[in-house]
Amino acid sequence: MHMGAENRERKRKKNGQKKGCMGRLMCYVFLIALAVVMVYPLLWMIGSSFKENNEIITSMSILPKQIRLSAFVEGWKGNGRYTYLTYFTNTFLLVVPTVFFTVFSSMLVAYGFARFRFPLKKLCFALVISTLLLPEQTLMVPRYLLFNRLGWLDSYKPMIVPAIFATYPFFIYMMIQFIRGLPRELDESARIDGCGSFGIFARIIVPLSKPAIFSVTLFQFVWRWNDFFNPLIYINSVSKYPVSLALRMSLDVADTVHWDQLMAMSLLTMLPPVLLYIFAQKYFIEGIATSGLKG
Amino acid sequence: MRQSRTGQRYKKSDYVAFLYIAPWIIGFLVFQAWPLAASFFYSFTDLSMLKSWNFVGLENFREIFTHDRIFVQSLKVTVLYVVVSVPLKLAFALLIAMLLNMKVRGIGAFKVLYYLPSILGGSVGISILWRFLFNRNGLINLMLGKLGISAVDWLGSPQNALFTISMLSVWQFGSSMVLFLAALKQIPRDLYEAAEVDGAGRVKMFFRITVPMITPIILFNIIMQMINAFQEFAAPFLITKGGPLKSTYLYGMMLYDNSFTYLKMGYSSALSWIMFAIIMALTALIFRSSEYWAFYQDGGN
């Protein structure tokens, strides 16, 4: 009876191993196939920007018959009055300050929440979290009218100023979680050495929070770079267009005529986020996993 | 002076905190709380950029619920979009996360590749790519043609267009996957080993161990994805312009049109509050229902 049970157990284990091996192989095949399916469109897009218009719509192959750069050269010229140089410059002028202020303000606020006791703290924290669920589109009209009254329309202020005032609850939350994980003993020893609360912030918290700061910077950069909705609402002059609006303009103009140029310019505008992602993927993936937030 | 729960008084140095959270207090009041209240108020007015406004009571809501056919159509396709894209995306994300959790080699590389579309997904470039992939003579139909399947009108037919747009969202399953994977890693292995000894099958283990253990993340993912899906704007705006026959005219697009094309800001505020109410109701419903399908380790607190 006892032996029988043991035998059965061993047999089951062996079976399990065999099944596990096959399962593992199937698993790999599936994962690789999926990766190919997911990335193929992107690779095809890269290839297409070197192809001729006609080749784009007749060839499934990623590799172009010959490398030609004219799509880049012609596409870069934009609408004739402004080149993509203008649009790229604009995007940086819009995105860099927004990212900088987001990081700075989120950091300060998170420090306040993570290291102090103060009246109504629970309520304030609950409000930070509940704004995560607040649809932007419900706030859109009053914000637009407010910025209109302030004379900020057709400038980058409607996007930069809210960043100064920590309006990205996701990042505040991410930072709070991170700072809470830092040992308080360091704060204490700095206090004994005569540091005030800001000294502790500047000398202890900020340097130790570098990974979180990287994550916030990267996410915010990519999201602001890709953002289409806010510039669409607030920016009117073509001279101030960021790349997202410029591409949309090219799409309307070039539709069905210059797919090669459209592909080339789409590719270029996607390059900064992709490069950042390739070089810093650890901060993206860990940032999202540890914060436990955002989809 | 207020007392904290532990009975300690707040020290003077505690109040310094308000200096640090001051940016948030101002930002919250000016850019979040006030606009929320204002749009609630506007929803009872006929506010427009073109003329002075009047208080109209519930007129906007009456109009929306009784006469606005476009509202009905838009709500219908939006709900369909949410119901198709969110579960599909999350099921996919969970499946892949479970495969990657089987200690496969090269998991890092897979993670990086699968996450890539989430980085790019919101960009105009990807919408353009999508429009081209699913064009009548785009890459997908080209491939189908090689397989001897006749071309499908992915974007031009009202039956398919919404599905094609949903696929763009599903393609970006990466961030949900990373969250699931992090949660799966927290599940103690011995739970599965114990279940195996008891002779539980894979399916049973999935429903009895995996799902209950990662419930908070499932909840979080469902709610955040639902909120995002309700607000989807760029994809339909750029790929299909809401068409054909308003079959992809998602709620976000309708709000945009009412606010900035027709400049009916009071009316669009009412519409946006209806969306907000739907989102809040669904969030509450999901939380409520989770009491029946979820078990928390600490007994539900």
Side-chain angles (χ1 to χ4, degrees), chain A residues 27-28 30-31 35 38-39 41 44-45 57 60 105 108-109 111-113 116-119 124 127-128 131 133-143 162 164-167 172 197 222 226 228-229 233 244 247-248 251 259 262 266-267 269-270 273-274 277 281 284-285 288-289 292 294-295, chain B residues 2 4 10 14 16-18 20-21 23-24 26-28 31-32 35-36 38-39 42 99 102 104 110-115 117 119-120 122-125 128-129 132-133 137 139 142-143 175-176 178 182 221 224-225 227-228 231 233-234 238 252 255 259-260 265 268-269 272-273 275-276 279:
Chain A
C27 172
Y28 270 114
F30 178 73
L31 289 175
M38 287 191 63
V39 180
W44 183 80
M45 185 180 202
I57 51 172
M60 280 166 32
S105 62
L108 268 183
V109 172
Y111 176 59
F113 275 108
F116 292 87
R117 302 185 315 122
F118 55 88
C124 288
L127 286 175
V128 171
T131 49
L133 306 179
L134 203 58
E136 285 276 307
Q137 286 165 356
T138 312
L139 313 176
M140 166 176 85
V141 165
R143 274 193 185 186
I164 299 175
F165 294 101
T167 43
I172 300 178
S197 66
V222 169
N226 288 340
F228 170 67
F229 188 65
I233 294 176
S244 55
L247 264 186
R248 185 239 175 167
L251 177 67
W259 279 104
L262 211 48
S266 299
L267 183 66
T269 62
M270 278 155 48
V274 170
Y277 175 63
Q281 15 108 355
F284 281 96
I285 288 172
I288 234 176
K294 187 72 188 181
Chain B
R2 291 179 61 96
S4 75
Y10 289 107
D14 289 335
V16 178
F18 287 107
Y20 292 104
I21 67 164
W24 172 77
I26 298 169
F28 172 73
F31 298 118
Q32 285 161 338
L36 187 66
S39 82
Y42 293 162
L99 290 180
M102 294 184 3
V104 287
F110 284 121
K111 250 203 281 189
V112 169
L113 282 178
Y114 294 156
Y115 192 73
I119 293 285
L120 298 170
S123 72
V124 176
I128 290 175
L129 174 65
F132 197 77
L133 286 179
N137 36 18
L139 181 67
L142 212 61
M143 286 178 162
S175 54
S176 311
V178 172
N221 269 334
M224 287 324 262
Q225 292 299 338
I227 292 175
N228 285 342
Q231 296 190 82
F233 172 77
L238 291 163
L255 284 178
S259 308
F260 300 108
M265 294 180 155
S268 81
S269 294
S272 78
W273 264 84
M275 178 178 81
F276 186 37
I279 288 177

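Convention: sequence-line order gives letters A, B, ...; per-chain numbering from 1.
- Of the two parts of B:Phe31, the backbone and the side chain both hold a non-hydrogen atom closer than 4.5 Å to a non-hydrogen atom of chain A.
- Distance check, rounded to the nearest 0.5 Å: CZ of A:Phe228 to CZ of A:Arg248 gives 5.0 Å.
- Interface residue B:Ile227: only side-chain heavy atoms are found under 4.5 Å from chain A.
- Put simply, the side chain of A:Pro41 reaches to within 4.5 Å of the side chain of B:Leu129, judged on heavy atoms.
- In this structure the side chain of A:Val141 never reaches within 4.5 angstrom of the side chain of B:Ser39, judged on heavy atoms.
- Only the side chain of B:Leu133 comes within contact range of chain A, with heavy atoms under 4.5 Å apart.
- Contact check for B:Tyr10 versus A:Phe116: no side-chain heavy atoms found under the 4.5 Å cut-off.
- Taking the six-membered ring where the residue is Trp, B:Trp273 and B:Phe276 present perpendicular rings, their angle passing 60° and hence far from 30°.
- B:Ile279 touches chain A through its side chain: at least one heavy atom from C-beta onward sits under 4.5 Å away, while N, CA, C and O do not.
- In summary, the side chains of B:Gln32 and A:Thr167 do not present any donor paired with an acceptor at a separation below 3.5 Å, with no hydrogens or angles considered.
- Among B:Ile26, B:Leu113, B:Ile119, B:Leu255, the residue making the largest number of heavy-atom pairs under 4.5 Å with chain A is B:Ile119.
- The contact between B:Ser269 and chain A is made entirely by side chain atoms (from C-beta outward), counting heavy-atom distances below 4.5 Å.
- Across A:Leu267, A:Val39, A:Thr131, the residue that shares the most heavy-atom pairs under 4.5 angstrom with chain B is A:Thr131.
- Contact tally against chain B (heavy-atom pairs below 4.5 Å) for A:Trp44, A:Phe229, A:Tyr111, A:Phe113: the top residue is A:Trp44.
- For B:Phe260, the part sitting under 4.5 Å from any heavy atom of chain A is the side chain, from C-beta outward, and nothing else.
- Using a 4.5 Å cut-off between heavy atoms, A:Tyr277 contacts chain B through its side chain alone, with no backbone atom that close.
- Residues B:Leu120 and A:Asn226 fail the side-chain proximity criterion, which asks for heavy atoms closer than 4.5 Å.
- Chain B forms the most heavy-atom pairs under 4.5 Å with one residue out of A:Ser105, A:Ala166, A:Ser244, A:Pro135, and that residue is A:Pro135.
- In this structure, the portion of A:Ile233 lying under 4.5 Å from any heavy atom of chain B is its side chain and not its backbone.
- Between chain B and the options A:Leu139, A:Thr269, A:Ile172, heavy-atom pairs under 4.5 Å are most frequent for A:Leu139.
- With a 4.5 Å cut-off on non-hydrogen atoms, A:Ser197 touches chain B through its backbone and its side chain both.
- At a 4.5 Å heavy-atom cutoff, the contact between B:Tyr114 and chain A is made by backbone and side-chain atoms alike.
- Proximity to chain A (any heavy atom under 4.5 Å) is restricted, for B:Met275, to the side chain, taken from C-beta onward.
- Proximity to chain B is limited to the side chain of A:Gln281, based on heavy atoms less than 4.5 angstrom apart.
- Contact tally against chain A (heavy-atom pairs below 4.5 Å) for B:Asp14, B:Leu99, B:Leu139: the top residue is B:Leu139.
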